[in-house]
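Structure first, then comments.
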Amino acid sequence: RVFHKTNEGVSLARSLGVNEASGEWIAFIDADDWILDTYLATFVNYINKGAQILVATTIEMKVESSDLIKKLLLYTVPCGMPFKLYSIGCLRNQDHLCVPREINIGEDLIANLSIAKCVRTVQYVINDGYCVNHINFESVTRSRSYSLEYEISFLGYIKKIIGTNPEYYPELWTLMLRCIKTLMVNGVHVPRESLLYQEVRNNRPHVLPPLGKCDKIVLYSPNSTVAR
């Protein structure tokens, strides 16, 4: 079945799909990407193993949802709604997909964190059947602009989802540092007096490995810049 609606953003389009779906599982495919014949077939082999989310990765492992939350924050698994198969029950009657439209970069990460918080187990599946279109120069990701205000708003939504659980703070801290470096790489000045910079500089978790040279420059050089 095909449904048509006014363009109100990807989150509401996906919500329509969830509400109209008649099956027990659902997958999302971006309009400019494609999948191989093996993509869904590979997932189907795992739908009776007790997990609520199946994630296409390079390893096969069943884990608690906290592991997925940490990997999402670190960007070590795909953060997008694609690359996954979701049990329809973990998406319905929830606001997981209702990400504010002003968040048009990183909205999938926010949605996936929200979903992962409400499930128990996740299955990582070796599956290379999802194909990303890397030459779409008109995509939102390629045409985005960068600002400190946007990154602060984006991180604010993530903090609301994961709360004050110290278990996730090392990964959250790493994400905040990533945001600062992304801004600097794209020519955006991050004032040393900003709350984001101060939090990252002064609250580094001790459990993390030593900082690399680039990270030290970002955090401790008074006039740091990061080259593209």
- Message: Please check if the number of heavy atoms outside I59 that lie under 6.0 Å from its CD1 is greater than 12.
- Response: yes
- Could you tell me whether the side chain of Y124 reaches within less than 4.5 Å of the side chain of D67, counting heavy atoms only? yes
- Check the pair V63, Q123 against side chain to side chain contact (heavy atoms under 4.5 Å, CB included), reporting the backbone distance first and the verdict last. CA-CA 6 Å; V63 298; Q123 177 73 50; over 6 Å; no
- Verify the distance criterion only: is there a donor paired with an acceptor across the side chains of E107 and Y157 at less than 3.5 Å? no
- Query: Do L172 and M176 come within less than 4.5 Å of each other through their side chains, counting heavy atoms only?
  - Reply: yes
- Item | Any donor-acceptor pair under 3.5 Å from R120 side chain to E64 backbone | no
- Item | Interatomic distance, T174 atom OG1 to L73 atom CG [nearest 0.5 angstrom] | 9.0 Å
- Task: Check whether any side-chain heavy atom of T42 lies under 4.5 Å from a side-chain heavy atom of V125, and answer yes or no.
- Result: yes
- Would you find a donor on one side and an acceptor on the other, under 3.5 Å apart, between the side chain of Q52 and the backbone of Y86? no
- Does CG belonging to N165 count more than 12 external heavy atoms closer than 6.0 Å? yes
- Message: Taking V44 as the starting point, is it possible to reach Y46 by hopping between hydrophobic residues whose side chains are less than 4.5 Å apart?
- Response: yes
- Message: Is it the case that the side chain of K84 and the backbone of N112 share a donor-acceptor pair, with hydrogens and angles ignored and the cut-off at 3.5 Å?
- Response: no
- When rounded to the nearest 0.5 angstrom, what distance separates CD in E60 from CG in N45? 9.5 Å
- What pair of heavy atoms forms the shortest contact from P170 to P205, and how long is it? CA-CG, 3.7 Å
- Note on the structure: Heavy atoms of L85 and A27 approach each other most closely as CD1-CB, 3.8 Å
- Item | V10 reachable from V132 in the ILVMFWY side-chain graph, under 4.5 Å edges | no
- Message: A quick test of your reading: do over 12 heavy atoms of other residues, nucleotides or ligands sit less than 6.0 Å from NZ of K213?
- Response: no
- Cluster link I161 to V119, ILVMFWY, side chain under 4.5 Å: yes
- L175 versus Y75, closest heavy-atom pair with distance: CD1-CE1, 3.4 Å
- Message: Strictly distance-based, threshold 3.5 Å: is any side-chain N or O of S153 a donor or acceptor partner for the main-chain N or O of Y150?
- Response: no
- Message: With a 3.5 Å distance limit and no angle check, can you tell me whether N203 reaches the backbone of E199 through a side-chain donor-acceptor pair?
- Response: yes
- Task: Kindly indicate whether the side chain of S87, heavy atoms from C-beta on, has any atom under 4.5 Å from the side chain of I53.
- Result: no
- Message: Let's go through S65 and T121 carefully: what are the C-alpha distance in whole Å and the side-chain angles of both, what is the deciding distance for side chain to side chain contact (heavy atoms under 4.5 Å, CB included) to 0.1 Å, and is it a yes or a no?
- Response: CA-CA 5 Å; S65 59; T121 53; over 6 Å; no
- Can you check whether L208 reaches W173 side chain to side chain, under 4.5 Å on heavy atoms? yes
- Given L148 and S194, is the side chain to side chain contact (heavy atoms under 4.5 Å, CB included) satisfied, shown in steps? CA-CA 9 Å; L148 177 59; S194 68; 4.2 Å; yes
- Answer yes when K71 and E171 have at least one side-chain N-carboxylate O distance shorter than 4.0 Å, and no when they do not. no
- For G129 and N127, the nearest pair of non-hydrogen atoms, with its separation, is N-OD1, 3.0 Å
- Please check if atom CD in E24 has more than 12 non-hydrogen atoms from other residues, nucleotides or ligands closer than 6.0 Å. no
- Message: Ring centroids only, cut at 6.0 angstrom: are Y39 and F43 within range, meaning strictly under it?
- Response: yes
- Would a distance-only check, ignoring hydrogens and angles, find a side-chain to backbone donor-acceptor pair under 3.5 Å from N7 to G9? yes
- Determine whether K117 and H96 make a side-chain contact, defined as any pair of heavy atoms from C-beta on separated by less than 4.5 Å. no
- Any sub-3.5 Å donor-acceptor pair from S15's side-chain atoms to S11's backbone N or O? yes
- Indicate whether the side chain of N202 and that of Q198 have a donor and an acceptor atom separated by less than 3.5 Å. yes
- Backbone of D33 reached by a side-chain donor or acceptor of N133 within 3.5 Å: no
- Query: If you draw a 6.0 Å radius around NZ in K62, do more than 12 non-hydrogen atoms from other residues or ligands fall strictly inside?
  - Reply: yes
- Query: Do side-chain atoms of R192 reach the backbone of L219 as a donor and acceptor pair under 3.5 angstrom?
  - Reply: no
- Gap separating the CZ atom of F3 from the CG atom of L16, nearest 0.5 angstrom: 6.5 Å
- If two hydrophobic side chains count as joined below 4.5 Å and joins carry through other members, does L211 share a cluster with L74? no
- Task: Considering only NZ, NE, NH1 and NH2 on the basic side and carboxylate oxygens on the acidic side, decide whether D108 and R14 come within less than 4.0 Å.
- Result: yes
- D30 side-chain N/O to D32 backbone N/O, donor-acceptor pair under 3.5 Å: no
- Are any non-hydrogen side-chain atoms of I29 and P82 less than 4.5 angstrom apart? no
- Message: Looking at Y220, I'd like to know if the NZ or CZ of R201 sits under 6.0 Å from its six-membered ring centre while staying within 45 degrees of the ring's axis.
- Response: no
- Item | Linked, directly or transitively: I126 and V122 (ILVMFWY side chains, under 4.5 Å) | no
- Close side-chain approach of K181 and L177, heavy atoms under 4.5 Å: yes
